[in-house]
Amino acid sequence: MESNCEKKLVTILLLIVIFFGSLWSDAYKYADEIILSVFGDVQTEWNIWKAKHNTEDGEEIDEISLRAKDAIGNDIPAYAATASDYLSTLPFKQGMVDINGTLAKAFNMREVYKNSGGIVLNNGYVAGTYTYTSTDYEIQQIAELKAYLDERGIQLLYVNEPTKYIDDRVIAEDLGLSTYINDNTDRFLLRLEELGIRYIDLRDTIIEQGLDSFSMFYKTDHHWTVQMGKMAAEVISEELNNFYGYNIDLSLYEPNKFIYKEYPNAWLGEQGKKLGKSFVGLDDFTYIAPDYDTAFNVSCSGSVISTGAFGQVLVEQTMYLPENNDNIYTAPSWHYSYMWDSRINDTTVDNLMNTEGKRFWFWEIPMSRLQFRS
């Protein structure tokens, strides 16, 4: 009951801020458009529902053409687009996010954004909660992938990416909430064994090395740290050497063969941008790069777009410049600085120092399928 009262109080205070901000910035002029767009969305859903019930099974429906129209026949914009226009005109919009974060923190409302930004744990980390999944769909998909690869003589190694917590009880003990990500993962990996698919469970590596799983992730973002990425690369390389016929020089991963640069309290992650700096603070960042000769080509659609050493072509270091981080809410998330160009479709990275020996391809299967699909 007390929590509900706190939420209502926060809502009332924010509505007051929005009301006066709307008057001051003329954003209130969007009110008619917002109301119209809401009715338009409802009408559109009704049109789609009627169309589906008046067509035979398997017949495609052009949902775009069913968009609600205004009096002169133009499409009524969706609420999401209209609301975005409205919010873009509000003054001190990001300041309002921090006002909201300050209030949420003061009232200890650590789970109020569990369906959008995430829950905030006692240790200050933002984390997610995940529903139960049977893993049937995921197993079917990876079994089909294995069959495809087997036909072509290609070996398969599955690497399990951990989440911030490697024991689901952490969430129950902190906030009394249920989550099933590690339970889902345990059952999924057991079924991989039944299929004869080799895998690496990076949770085991974290436990074996006596590490805190949270320290392997950013506080305000769901991505793992550069340190975790380096550790994972070494574990994968060792597995490839032991079971897949590779001969990777593991001494290249020794800590003293890298340069490190620390950026304390430097950036705000994607989860943090939703909750507010005032609620979750800023994240540290460690830049890590090999301190030995490296050379890479980055190609897109067969054409080389950059060539150079690791830190030159595989890290977008301009992202760390102070002038690019004046506004922490509009600055890009720093984890994107690594492999920046590889986010472009049809991009490949060639290690020019590896002129002999086996090479491997890496596919990232989105964990969201394992985490959310029921």
Side-chain angles (χ1 to χ4, degrees), residues 1-19 21 34 79-80 83-84 86-88 90 92-133 162-165 167-182 184 213-214 217-225 265 267-284 327-336 366-368 370-374:
M1 183 68 179
E2 182 179 350
S3 177
N4 288 333
C5 291
E6 292 170 350
K7 292 178 182 178
K8 290 177 181 178
L9 177 59
V10 171
T11 301
I12 292 171
L13 291 173
L14 289 176
L15 286 174
I16 292 173
V17 174
I18 291 174
F19 175 75
I34 290 176
Y79 167 77
S84 177
Y86 163 73
L87 290 173
S88 67
L90 281 176
F92 49 82
K93 180 177 65 176
Q94 298 304 338
M96 290 170 59
V97 173
D98 276 323
I99 292 173
N100 182 61
T102 298
L103 293 171
K105 185 174 183 178
F107 291 125
N108 197 34
M109 298 166 58
R110 296 186 291 120
E111 60 178 281
V112 67
Y113 297 109
K114 66 180 180 180
N115 294 325
S116 51
I119 58 175
V120 182
L121 300 177
N122 268 325
N123 60 10
Y125 280 77
V126 184
T129 57
Y130 307 94
T131 57
Y132 175 90
T133 177
T163 50
K164 292 184 181 181
Y165 50 93
D167 186 338
D168 292 338
R169 291 175 296 181
V170 168
I171 304 302
E173 292 170 359
D174 193 319
L175 284 169
L177 300 175
S178 297
T179 185
Y180 296 91
I181 181 58
N182 288 289
N184 292 338
S213 62
F214 286 99
F217 288 82
Y218 298 111
K219 290 193 307 179
T220 68
D221 196 279
H222 66 281
H223 290 88
W224 62 23
T225 63
N265 294 317
W267 66 294
L268 187 63
E270 292 164 20
Q271 292 172 308
K273 289 177 181 177
K274 296 178 181 179
L275 301 177
K277 172 189 172 184
S278 59
F279 195 173
V280 295
L282 295 176
D283 248 306
D284 300 333
N327 187 329
I328 57 174
Y329 289 102
T330 58
S333 295
W334 281 28
H335 61 80
Y336 286 128
M367 284 297 291
S368 57
L370 182 59
Q371 294 167 350
F372 295 113
R373 193 178 180 92
S374 58

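For this chain, numbers begin at 1 and follow the sequence in order. Scope of the values below: all heavy atoms of this structure, side chains included, with no hydrogens, waters or symmetry mates.
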Locate the shortest heavy-atom distance separating [X] from [Y]; write the atom from each residue and the value.
X      : Y      : result
Leu177 : Glu111 : CD2-OE1, 3.8 Å
Gly117 : Val126 : O-CG1, 3.6 Å
Ala104 : Phe279 : CB-CE1, 3.7 Å

Donor-acceptor pair, [X] side chain versus [Y] backbone, under 3.5 Å?
X      : Y      : answer
Asp283 : Leu268 : no
Tyr130 : Asn182 : no
Glu270 : Ser333 : no
Thr225 : Phe217 : no
Thr220 : Gly269 : yes
Lys277 : Asp98  : no

Going from [atom1] on [X] to [atom2] on [Y], what distance comes out if it is rounded to the nearest 0.5 angstrom?
X      : Y      : atom1 : atom2 : value
Thr129 : Ile171 : OG1   : CD1   : 7.5 Å
Asp174 : Asn123 : CG    : CG    : 7.0 Å
Ile328 : Lys273 : CD1   : NZ    : 8.5 Å
Asp284 : Lys219 : CG    : NZ    : 7.0 Å
Glu173 : Asp167 : CD    : CG    : 7.0 Å

Would Thr163 and His222 count as a side-chain contact (heavy atoms from CB on, under 4.5 Å) if you check the C-alpha gap in whole Å, the side-chain angles of each, and the deciding distance to 0.1 Å? CA-CA 8 Å; Thr163 50; His222 66 281; over 6 Å; no
Any side-chain heavy-atom pair from [X] and [Y] closer than 4.5 angstrom?
X      : Y      : value
Ile181 : Tyr165 : yes
Trp224 : His335 : no
Leu175 : Val120 : no
Val112 : Phe107 : no

Are more than 12 heavy atoms, taken from residues, nucleotides or ligands other than Phe214, located less than 6.0 Å from that residue's CZ atom? yes
Parallel, tilted or perpendicular for Trp267 and Tyr218, by the 30°/60° rule? perpendicular
Thr131/Asn184 under side-chain contact (heavy atoms from CB on, under 4.5 Å): CA gap, chis, key distance, verdict: CA-CA 9 Å; Thr131 57; Asn184 292 338; over 6 Å; no
